[in-house]
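Down below is the structure, laid out as structure tokens.
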Amino acid sequence: MAKQYKNYMEQVVEKALGEYLKQEHEMCTCEQCAADMAAMTLNQLKPHYATTIRGAAFLESEQKNLEFVVKVVSAIKAASEKVKQNPRHPLKK
């Protein structure tokens, strides 16, 4: 069976995390830390799967909802703090 579904929340988190990391200069932005933050964020948010363009358009419109944006940003901030406190690599001096 070919995959015919997609979790659009992954795109939302990747885009929002990218914007967050551009503004947060005290965060490590290496691939490992960014992946850890994305995974932690996604684990805190409800997945949003769609199988059609129409379903994807609905999810895209939901991204303009203030409550939705606040949930995503809050989850990113919480994940970034956890990663910042416990990076999975030695800190650079």
Side-chain angles (χ1 to χ4, degrees):
M1 176 173 91
K3 181 178 170 183
Q4 297 179 359
Y5 53 89
K6 184 173 183 173
N7 180 2
Y8 282 88
M9 188 58 81
E10 290 180 21
Q11 280 182 280
V12 170
V13 168
E14 287 173 8
K15 182 178 178 184
L17 181 58
E19 293 298 317
Y20 178 79
L21 291 176
K22 285 180 188 175
Q23 297 172 13
E24 181 59 50
H25 300 290
E26 294 181 19
M27 277 300 308
C28 177
T29 58
C30 76
E31 283 186 38
Q32 183 64 60
C33 287
D36 288 346
M37 285 183 272
M40 288 178 159
T41 300
L42 287 165
N43 283 332
Q44 296 304 310
L45 299 169
K46 180 181 173 191
H48 287 261
Y49 285 93
T51 60
T52 64
I53 293 172
R54 185 175 169 190
F58 171 77
L59 295 174
E60 191 172 306
S61 70
E62 187 174 307
Q63 293 175 38
K64 296 175 180 132
N65 177 324
L66 182 60
E67 184 179 342
F68 178 84
V69 172
V70 168
K71 281 183 183 180
V72 172
V73 172
S74 295
I76 287 172
K77 286 183 177 184
S80 70
E81 281 303 312
K82 286 181 183 177
V83 171
K84 188 176 182 179
Q85 298 299 320
N86 300 296
R88 293 197 304 145
H89 56 74
L91 295 175
K92 296 176 186 172
K93 294 184 181 186

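- Residues M37 and I76 are not in side-chain contact: their nearest non-hydrogen atoms beyond the backbone lie 4.5 Å or more apart.
- Taking CD of E26 as the start and SG of C28 as the end, the distance is 13.0 Å to the nearest 0.5 Å.
- The minimum heavy-atom distance between C33 and P87, with the atom names listed, is SG-CB, 4.3 Å.
- Counting only residues at least two apart or in different chains, ring pair (Phe, Tyr, Trp, His ring centres under 6.0 Å) contacts with residues 12-68 comprise H48-F68.
- The distance from atom OG1 of T29 to atom NZ of K22, rounded to the nearest 0.5 Å, is 12.0 Å.
- Linking ILVMFWY side-chain heavy atoms closer than 4.5 Å, directly or via other members, places M40 and V12 in a single hydrophobic cluster.
- Contact check for M27 versus K84: side-chain heavy atoms found under the 4.5 Å cut-off.
- Shown here is E60, whose CD atom has no more than 12 heavy atoms of other residues, nucleotides or ligands within 6.0 Å.
- Hydrophobic cluster membership differs between M9 and L59, with clusters built from Ile, Leu, Val, Met, Phe, Trp and Tyr side chains linked at under 4.5 angstrom.
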Criterion side-chain contact (heavy atoms from CB on, under 4.5 Å) on T41 and L17, from CA distance to verdict
CA-CA 9 Å; T41 300; L17 181 58; 5.6 Å; no
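- Taking 4.5 Å as the limit, some side-chain heavy atom of C30 sits within range of a side-chain heavy atom of H89.
- Taking each heavy atom of V69 and Q63 in turn, the nearest pair found is CG2-O, 3.2 Å.
- Using a 4.5 Å cut-off on side-chain heavy atoms (C-beta onward), L45 and V13 make contact.
- Q11 is listed as a side-chain neighbour of K6, based on a closest heavy-atom distance under 4.5 Å.
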